[in-house]
Amino acid sequence: MSFSDKILAWYHENKRDLPWRETLDPYKIWLSEIILQQTRVAQGMPYYFRFVDAFPTVRDLANAEEEQVLKLWQGLGYYSRARNLHAAAKMVVQDYNGVFPTSYEELLKLKGIGDYTASAISSICFNEPQAVVDGNVYRVLSRYFGVDIPINSSEGIKYFKQLAQEMLPPINIGDYNQGIMEFGAIQCTPKNPNCEMCPIADGCLALAKGTIKNLPVKVGKTKVKKRYFNYLVPISITEAGDKITQLRQRKGKGIWQNLWEFPLLETENEAELDQIEKSYGEILNLKGKPQMSLYNKEFIVHKLSHQHLHTKFWIVEEVIELQEGIAVSDLKKYPVPVLIAEFMKTFKF
DNA sequence: AAGGCGGGGCG
DNA sequence: CGCCCAGCCTT
């Protein structure tokens, strides 16, 4: 049996029942692929259901407000995926009359679709012979063929795409692509792979040489930057008796684009009360000096891949001057980072 | 070619 | 605590 035959056979026996495996609708396959980028199946699953439910067709998604798309995406991270998803839906409606393009080349033109996703959709839905190369495939191939070229070098990216391409079966491309990924996720795992009961242990070069634990090779260090966030949480009561606060939308570059947060003062180091007092009038556009208190004595440390956000929430109460605000009861409508969502959940307005 | 972009789970 | 997850985009 060939490599691909073994993978296909293993997949046939071991594939999980996943909701996006019950359809060949390219829209739904696309949704699942975007959601699963850098995301575990268990984490992405509920998001897949809520998106299919809210937007049954690509037209429904295209017609939605970005705000709603981001709100549904809240908590999943890498929010450019949600913005690109929305933009791509609009492209499909406008440029392709609402019908998903069927070829790798055309799919590649859509926002948020790169080599992996174009290969996945074109192979799964249209049986185009394009090999998917995701983290699982890098791992399986690097071990089986004993390749120590760094998977995140340009040489490695090119090398593994070609190698994966050469391993494609003549038919059942989509199943094979899903099979090798599933194999990497379940059998040939990053740590403690199940080599004892592996259907391709025979030809596995890394297993023979004892280099499993060294593969795949990845270069580059992840240096974590420390940042200090001070959120100013203004609270005011309107004449009608409604409690209001303020949110602002993050714009430009950086994290959490287009998500909402409380007015923010970022500092070079830990900020104390006196430093905040100097700035909050300007940030909140206030003339007076309302009472302010620190909500959390210890930093709330919110960890992103490359940043640790050391956060303090400063409560600014009874801001009579507060002009424009949003009702506290409306806060849940806004897409916010998990850091903000957690605060809203625990803070009693 | 390198850096930025989330949040969560696991050993 | 470090690594990894059905990657992509920008510079």
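Each chain gets a letter, A, B and so on, in the order its sequence line appears, and its residues count up from 1.
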request  = Please measure how far the P atom in C:dC8 lies from the corresponding atom in B:dG9, and state the result in whole Å.
outcome  = 24 Å
inquiry  = For A:Phe299, does the six-membered ring have the charged nitrogen or CZ of A:Lys312 within the cation-pi criterion, i.e. under 6.0 angstrom from the centroid and within 45° of the normal?
reply    = yes
request  = Nearest whole angstrom, please: distance from the P of B:dG8 to the OH of A:Tyr47.
outcome  = 8 Å
request  = Applying side-chain hydrogen bond (donor to acceptor under 3.5 Å, both in side chains), name anything that partners A:Thr57, two or more places apart in sequence or on another chain.
outcome  = A:Asp60
task = Quick one: label A:Gln307 by what it contacts on the DNA or RNA (base, sugar-phosphate, nothing), any heavy atom closer than 4.0 Å.
result = sugar-phosphate
query = For the pair made of CD in A:Glu155 and P in B:dA2, what is the distance, rounded to whole Å?
reply = 12 Å
request  = Would you please confirm or rule out a distance under 4.0 Å between OP1 or OP2 of B:dG6 and any side-chain N or O of A:His306?
outcome  = no
request  = Rounded to the nearest angstrom, tell me the gap between atom NZ in A:Lys226 and atom P in C:dC1.
outcome  = 11 Å
task = Take A:Asn152 and A:Arg81, find for each the nucleotide of DNA chain B with the closest heavy atom, and name the residue whose nucleotide sits nearer the 5' end.
result = A:Asn152
key: Separation of B:dG8 C1' from A:Lys303 NZ (nearest whole Å)   = 12 Å
ask   = Is the NZ or CZ atom of A:Lys28 positioned over A:Tyr48's six-membered ring, under 6.0 angstrom from the centre and within 45° of the axis?
value = no
query = Does OP1 or OP2 of B:dC5 have a side-chain N or O of A:Trp73 closer than 4.0 Å?
reply = no
request  = Considering non-hydrogen atoms only, spot the tightest contact between A:Ile34 and A:Gly112 and give its length.
outcome  = CD1-O, 3.7 Å
request  = Round to the nearest Å and state the distance from A:Asn84 atom CG to C:dG7 atom C1'.
outcome  = 11 Å
inquiry  = At 4.0 Å (heavy atoms only), tell me whether A:Asp115 reaches a base, stays on the sugar-phosphate, or touches nothing.
reply    = sugar-phosphate
ask   = Mapping A:Gly220 and A:Glu342 to their closest nucleotides on DNA chain B, which lands nearer the 5' end?
value = A:Gly220
Non-neighbouring partners of A:Gln38 that pass side-chain hydrogen bond (donor to acceptor under 3.5 Å, both in side chains), sequence neighbours left out = none
message = For A:Leu259 versus A:Val336, what's the shortest heavy-atom pair and its separation?
response = CD2-C, 3.7 Å
ask   = So, is A:Lys253 near the phosphate of B:dC5, with a side-chain N or O under 4.0 Å from OP1 or OP2?
value = no
inquiry  = By the 4.0 Å heavy-atom rule, please label A:Leu76 as base, sugar-phosphate, or nothing.
reply    = base
ask   = Within this structure, what is the NE2-to-C1' distance between A:His308 and B:dG6, rounded to whole angstrom?
value = 13 Å
request  = Taking atom P in both C:dA6 and B:dG11, compute the distance separating them and give it to the nearest angstrom.
outcome  = 15 Å
Short N/O separations, protein against nucleotides 4-6 of chain C, under 3.5 angstrom:
unit_1	atom_1	unit_2	atom_2	d
C:dC4	O2	A:Arg40	NH2	2.8
C:dC5	OP1	A:Arg139	NH1	2.4
C:dC5	O2	A:Gln38	O	3.4
C:dA6	OP2	A:Asn136	OD1	3.2
C:dA6	OP2	A:Asn136	ND2	3.1
C:dA6	O4'	A:Asp134	OD2	2.8
C:dA6	N9	A:Tyr116	OH	3.2
C:dA6	N7	A:Glu33	OE1	3.4
C:dA6	N7	A:Glu33	OE2	3.4
C:dA6	N6	A:Trp20	NE1	3.0
C:dA6	N6	A:Arg21	NH2	3.2
C:dA6	N1	A:Arg21	NH2	3.3

task = Sort out for me which residue in A:Glu33, A:Gln37, A:Lys161 forms a side-chain hydrogen bond (donor to acceptor under 3.5 Å, both in side chains) with A:Tyr116.
result = A:Glu33
query = Between C:dC9 and B:dG8, how far is it from one C1' atom to the other, in whole Å?
reply = 23 Å
inquiry  = Heavy atoms only, 4.0 Å cut-off, all strands: where does A:Gly254 land among base, sugar-phosphate and nothing?
reply    = sugar-phosphate
key: Euclidean distance, atom CG of residue A:Leu309 to atom P of B:dG8 [Å, nearest integer]   = 13 Å
ask   = At under 4.0 Å between heavy atoms, what does A:Gly75 touch on the DNA or RNA strands: base, sugar-phosphate, or nothing?
value = sugar-phosphate
query = Less than 4.5 Å apart, any side-chain heavy atom of A:Lys15 and any of A:Arg21?
reply = yes
Distance in angstrom units between A:Asn258 CG and B:dC5 P, rounded = 14 Å
Residue matched to B:dG6 through Watson-Crick or wobble contacts both under 3.5 angstrom = none
